[in-house]
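All chains are named by letter (A, B, ...) in the order of the sequence lines, taking the proteins before the strands, and each is independently numbered beginning at 1. Atoms considered below: every heavy atom in the structure, side chains included; atoms not considered: hydrogens, waters and symmetry mates.
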There are 2 protein chains.
Amino acid sequence: MDSSSETRSGIHVAVDLTVLTLRDGALNVLLIQREDDPHRGAWALPGGFIEEGEDLEGAAYRVLADEASLGSGAVHLEQVRTFGTPGRDPRGHVVSVAFMALGANLPAPRRGEDVADARWWAVEELADVPLAFDHATVLDCAIERARSKLEYTTLAVTFLPEEFTVSQLRGVYESVWGTTLDAGNFHRKATRTEGFLEELDRHAAPTGGRPARLYRAGEGTSLMPPLLRSGD
Amino acid sequence: MDSSSETRSGIHVAVDLTVLTLRDGALNVLLIQREDDPHRGAWALPGGFIEEGEDLEGAAYRVLADEASLGSGAVHLEQVRTFGTPGRDPRGHVVSVAFMALGANLPAPRRGEDVADARWWAVEELADVPLAFDHATVLDCAIERARSKLEYTTLAVTFLPEEFTVSQLRGVYESVWGTTLDAGNFHRKATRTEGFLEELDRHAAPTGGRPARLYRAGEGTSLMPPLLRSGD
DNA sequence: TCAAAAGTGTTGCGAGTACACCCATGG
DNA sequence: CCATGGGTGTACTCGCAACACTTTTGA
């Protein structure tokens, strides 16, 4: 990735990543602080230009490794949308394919090359922070995609470790949606939906009450019928 | 658009369009027959390279005009997904942003430049036809998007003229989904869903039975609760 | 009068919501 | 014993599927 600020001729293709995880029960996104112009010092989504012969997903995984020091192991990567309005990048015409990456317990990032700083931000506290380029729009788009995919897919489990309790799963929904859900109804719905959860014989260590049974992700990927955000 | 078959260096960005309409109660897609290599003589989705400084949507509308002789008036254009696997185009590394365009009563296409032929195909009869590049995948992706968006948006009306009957609207769902729906239940659902339909005082000419009231599209864009494909 | 299409009524079922209530553990 | 969280039972409501039925036209 050429991070100089000179204008470049031709159309360039980039990927931008919205990396989401849960930290302390809040939805967090990984931002990097730009070391170079344009938008030097501003916070931005990790991203980079794709190289000739490189796959879009491949480029996304490369950026994940370079700028976020995250391996491809425990993340769910998915294309969101492509942004290509001329002028969105002052260096020239850049068409950027936005991805979202979801993971469980992602580590604090090491800062990569061309990056002044990198850290997790709670999406709630991000309202006032001006982001570089059109990344505020890209971020909104990815978050809305994640929120809606929780409704009709089993994607929520990607925010959790391999073994988890129903309460933890409910916590994912509550954190991502910013709502509260009825514990009993959620338990029934989650455990009775075919393919969502696989019951284990073990229990988690009690946290002040009755110990919760452990589950792991089931085989299914779609939730039918879906789990709807109530206050919609 | 350079349609020669020589390999080009650098990464190129294109748009590919899945233009859908209803003809004789069947979902049809517009394909063009390629005049030049690669895939000379094969049927393909209309598409073209974007020019520097050109918007993605702008490029899509330009292709619609050039290759399908369709104005931007009566089509709903929407981005679907971006395909960028190296090798999908033998000329070099081409990243293609797929769009779907939906319209009512779209005219028989004039063939544009670099196009040997252009015509509508019923998507049903397309199973055996080999398409150029990865366009079979792109087409499937767009059709599935259109099918699912009928469920939770008011998009179905874009397949109809400005004034239409509830039966015609039901016909859209039946054609696109390839199902049959209960006429009475559909009528209730469509007319009672807030923002979907706006009732007019006129009736359509009878077609062998009681004349149907005319409606036009309402203000709303989302269907809540959604209209689900039953056999899912 | 009959066929055909538009539109309404009715009933039963499946699923969600609210909330009461029991279960199992630690303090 | 009590507090806390896990998990179940139950009553109410809402929306849909099925399908019978009425309305309004042309032949």
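Nucleic acid contact for A:Thr165: none, since no nucleic acid atom lies under 4.0 Å from a heavy atom of the residue. Contacts of B:Ser167 with the nucleic acid, taken as non-hydrogen atoms under 4.0 Å apart, involve only primed sugar atoms and P, OP1 or OP2. Heavy atoms of B:Arg192 sit nowhere under 4.0 angstrom from any nucleic acid atom.
In this structure, B:Tyr215 has its ring center no closer than 6.0 Å to that of B:Phe164.
Going from atom CD of A:Glu199 over to atom P of D:dT8 covers 9 Å, rounded to whole Å. Protein atom CG of A:Leu227 is 9 Å distant from nucleotide atom P of C:dT17, rounded to whole Å. Between the CG atom of A:Leu228 and the C1' atom of C:dG16 there is a distance of 9 Å, given to the nearest Å. Residue B:Met224 contributes atom CE, which lies 13 Å from atom C1' of D:dC14 at whole-angstrom precision. When rounded to the nearest whole Å, the span between NE2 of B:His203 and C1' of D:dT23 equals 12 Å. When the P atom of C:dA24 is taken as reference, atom CZ of A:Arg213 falls 11 Å away, rounded to whole Å. A straight line from CG of B:Leu181 to P of D:dC16 spans 13 Å, rounded to a whole angstrom. Atom OH in A:Tyr173 sits about 15 Å away from atom C1' in C:dG16, given to the nearest Å.
With A:Phe83 as the aromatic partner, A:Arg81 meets the cation-pi criteria of under 6.0 angstrom to the ring centre and within 45 degrees of the ring axis.
Taking the six-membered ring for Trp and thresholds of 30 and 60 degrees, B:Trp177 and B:Tyr173 have ring planes more than 60 degrees apart, a perpendicular arrangement.
In the set D:dC19, D:dG15, C:dT25, the nucleotide with an atom closest to the side chain of A:Pro206 is C:dT25. Distances from the side chain of A:Ala212 to the nucleotides D:dG6, D:dG26, C:dT25 place D:dG6 closest.
The base of D:dG9 sits with one of its N or O atoms less than 3.5 Å from a complementary donor or acceptor on the side chain of A:Arg188.
Each of B:Asp182 and B:Arg210 has a nearest nucleotide on DNA chain D; the 5'-most of these lies closest to B:Asp182.
In summary, of the residues considered (A:Glu199, A:Glu163, A:Glu198), a salt bridge (Lys or Arg N to Asp or Glu O under 4.0 Å) with A:Arg213 occurs for A:Glu199 alone.
Here A:Lys189 pairs with nothing under the side-chain hydrogen bond (donor to acceptor under 3.5 Å, both in side chains) rule; sequence neighbours left out.
Contact annotation: A:Lys189 side-chain N/O to C:dG16 OP1/OP2 distance is under 4.0 Å. Considering only side-chain N and O atoms, A:His187 lies nowhere under 4.0 angstrom from the phosphate OP1 or OP2 of D:dG6.
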